[in-house]
Amino acid sequence: MNMFEARPTLKAGQRALLLSGILMLAAGCVSNTSAPPMLTSTQPGVLEPVYAAAVAGDVAVVRVASNGCTTKADLHPYLAREGDVTVMTVRRVGNDNCQSPPEDGLELYWTFEELGVPAGTLVSVSNPFPNRADDSETGQ
């Protein structure tokens with residue numbers, strides 16, 4: 001399943017425009033919290049570095065590295081409350097063994113409904129934001 005199959009009501013051009021707008025408008029609204037990520041040894045997978053993240057319009061969007069086969073099912077958002085903020089940590093639970101990485105990685109999104117949080121909730125992304133030139137941290 002690719003990321004656009006989750007919202008079949010929008011045409012491809014509309015989705016791209018919406019996603020670009022969300023990223024541009026909300027880039028300043030996403031915080032990389034100073035508190036340590038809400039990670040526990042019981043969470044499967046590995047912490048996934050993200051190259052961009054935005055939360056706006058009750059949608060959380062992240063851009064991650066991919067070798068060409070990463071799908072939304074390969075990443076899992078874990079949520080924890082920290083005061084008035086819901087902290088989202090994305091972990092990779094599936095491998096991507098392909099050899100054709102897209103230049104700009106892959107954008108994935110989750111609606112607040114998918115995340116199980118009420119509309120209007122303040123959501124922060126706690127994943128690390130590495131330099132794009134340093135893909136060695138991702139293993140991708």
Any carboxylate oxygen within less than 4.0 angstrom of a Lys/Arg side-chain nitrogen, looking at Glu48 and Arg91? no
Could you walk me through whether Leu79 and Leu115 satisfy the side chain to side chain contact (heavy atoms under 4.5 Å, CB included) test, starting with their C-alpha distance in whole Å, then the side-chain angles of each, then the deciding distance to 0.1 Å, before giving a yes or no? CA-CA 8 Å; Leu79 304 177; Leu115 295 172; 3.9 Å; yes
Quick check: do Arg92 and Asp74 have side-chain heavy atoms less than 4.5 Å from each other? yes
With Pro101 via side-chain contact (heavy atoms from CB on, under 4.5 Å) - residues at least two apart: Asn67
Could you name each residue pair satisfying disulfide bond (SG atoms under 2.5 Å apart) that touches residues 58-92, not counting sequence neighbours? Cys69-Cys98
Identify the two heavy atoms, one from Gly68 and one from Asp96, that lie closest to each other, and give their separation to 0.1 Å. N-OD2, 3.2 Å
Contact check, side chains of Val62 and Trp110, non-hydrogen atoms, under 4.5 Å: yes
Determine, stepwise, if the pair Asp104 / Arg63 fulfils side chain to side chain contact (heavy atoms under 4.5 Å, CB included). CA-CA 8 Å; Asp104 293 328; Arg63 179 177 293 279; 3.5 Å; yes
Of the options Val55, Val85, Val117, Thr86, which is the one that meets Leu122 in a side chain to side chain contact (heavy atoms under 4.5 Å, CB included)? Val85
Side chains of Thr89 and Asn127, heavy atoms from C-beta outward: is any pair under 4.5 Å? yes
Under a 4.5 Å cut-off applied to non-hydrogen side-chain atoms, are Val50 and Phe129 in contact? yes
Rounded to the nearest 0.5 angstrom, the OG-CG distance for Ser124 and Asp84 is 13.0 Å
Minimum heavy-atom separation for Gly120 and Asp58, please, with both atom names. N-OD1, 2.8 Å
Once rounded to the nearest 0.5 Å, what's the spacing between atom CG of Leu108 and atom OG1 of Thr71? 8.0 Å
Non-neighbouring partners of Thr121 that pass side chain to side chain donor-acceptor pair (under 3.5 Å), sequence neighbours left out: none
Any side-chain heavy-atom pair of Phe112 and Val123 under 4.5 Å: yes
Got Tyr78 and Pro44 here, is their nearest side-chain heavy-atom distance under 4.5 Å? yes
How far apart are the closest heavy atoms of Thr70 and Ala65, and which atoms are they? OG1-O, 4.1 Å
